[in-house]
Amino acid sequence: MYNGGKVLIGILVFLVLISSPLWYNMAMDGSDYQIELEKAVRGDDCVRDSAWMKANHMDLLNEWRDQVVRNDERFEIGSDGVQYERSLSFTCLSCHENKDKFCDRCHDYLGVEPYCWECHIVPKEVQP
Amino acid sequence: MGVMFSLLAVVVLILIAVAGTELAGWRDLFGIVIPYAAVVAFVIGVIYRVLKWARSAVPFRIPTTCGQQKTLPWIKSSKLDNPHNLFWVLCRMFLEVFFFRSLFRNTRSVVVEGPRILYSPTKWLWAAGMAFHWSLLIVLIRHCKYFIEPVPSWLVTMQNLDGFFQIGLPIILTTDVVIVASLTFLFLRRVVDQKLRYLSLPADYFPLFLLLGITVSGVFMRYFTKTDLVSIKELAIGLVSFSPVVSSEVGLVFFVHIFLVSVLLAYIPLSKLMHFAGVFMSPTRNLANNNRVRRHINPWNPKVKVHTYEEYEDEYRDLMKAAGLPVDKEE
């Protein structure tokens, strides 16, 4: 083998790069992290069922924003037959009171930074 | 022919993933066993190919250069195109690996009226190649967030920059658009140009279709048929910490996505996609043109037993003197 040393260094770099998540998790103790979401105040009642919300809540919020801001349509009948106000701060966050223990749990886990909070304030934060 | 064969191969792969998880219910096979097998095949295959290349002969510097060699001090040499030392070789390699400098020099020949042949630079292949490879790198780094916990803030920042334009929700990531567009261009380029179409083989089309399948399934998962990302991250992080669990909430498109990725990983060592390692081992790129500065001896020259003139004279001095022949040393 010619230039064996250089080739071995290259292979070593390749192995380190490909196994880096393993070392990172070991160093940060990240692999056994469990997500625990705070229960909603009103139990299971929601505008949509929880499985749908888990995957599609961002679409719903986007739709709500457009309907409220552009069409001034502030209310809708949820999938459970109850009328809801289309509002992140007043509807969603009235049940899921604690942003840190609900929204942020998954968002932080998945490295997502939604821009909701660039306009909306978290209700709890302004209360004295 | 090659196009249809490759397209069919990728379609069959997608159907295998669909049938295997939806009909047969082998979710653990497609979520755990195949990905592990693919990574093992990838790592061992890549190392095997690299070692095989490393064992082949590198007889002499190959000065395929595009500029003036370093000679006399008053002749200006082209350091980047004709490097004479390690530093400038590293510079050339850097530009090659990160900016595909060789491809930038791509020219096209056209026969015009006369008949006359014209050579013109074309940058399309270079531009699409750059767009694809850089997007792929960013997409790969972005995907690290599924394998590591906690997600480092620089990764989130990078992702936010990727979604800089804040179009749609989930925000459309620029690299998602660019990678699909560039792959489509790289495919169309092979089909539209007659000469290229004649040269293209299934080995050229198959990786393109496979990558398109992977990116399109990923795009689908992000923007259209949503999936439960938390269970996917739990599976991914389980895979890297050797305790994987396939939750029942992992969706079908994800299985298609991960199966195509597994096939790609296993296919890389068998294919031209090995250029990711090969670029570092290109003798025309990584050897300094110092043929005139240093003496390079063929490393596999046999040991020749030589008999120097000094030894010859020592052996026959007396006879030479007796015959009146001149000698260098008297004793």
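Reminder, nothing fancy here: chain letters follow the sequence lines and each chain counts from 1.
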Below 4.5 Å from any heavy atom of chain A, which atoms of [X] appear? Answer side chain, backbone, both or neither.
X	answer
Y223(B)	neither
F280(B)	neither
S243(B)	neither
E234(B)	both

| Rounded distance [0.5 Å steps], CG in L110(A) versus CD1 in I232(B) | 9.5 Å
| Winner by heavy-atom pair count (cut-off under 4.5 Å) against chain A, out of N160(B), T227(B), V50(B) | N160(B)
| Looking at A277(B), P152(B), G251(B), which makes the most heavy-atom pairs under 4.5 Å with chain A? | P152(B)
Around atom [atom1] of [X], are there more than 12 heavy atoms of other residues, nucleotides or ligands at under 6.0 Å?
X	atom1	value
Q83(A)	CD	yes
F42(B)	CZ	yes
Y48(B)	OH	no
Y115(A)	OH	yes

| field | Per-residue contacts, residues 4-16 of chain A versus chain B, heavy atoms under 4.5 Å | value | V7(A), I11(A), F14(A), L15(A)
| note | Expected contact set for residues 18-28 of chain A against chain B at heavy-atom separation under 4.5 Å reads I18(A), P21(A), L22(A), Y24(A), N25(A), M28(A)
| Has the side chain of Q159(B) got a donor or acceptor atom that lies under 3.5 Å from a matching backbone atom of G111(A)? | yes
| said: Using the rule side chain to side chain contact (heavy atoms under 4.5 Å, CB included), only one of V151(B), I237(B), L229(B) pairs with Y109(A); which is it? | reply: I237(B)
| query | In a check of side chain to side chain contact (heavy atoms under 4.5 Å, CB included) between L169(B) and each of M58(A), R65(A), E63(A), which one passes? | reply | M58(A)
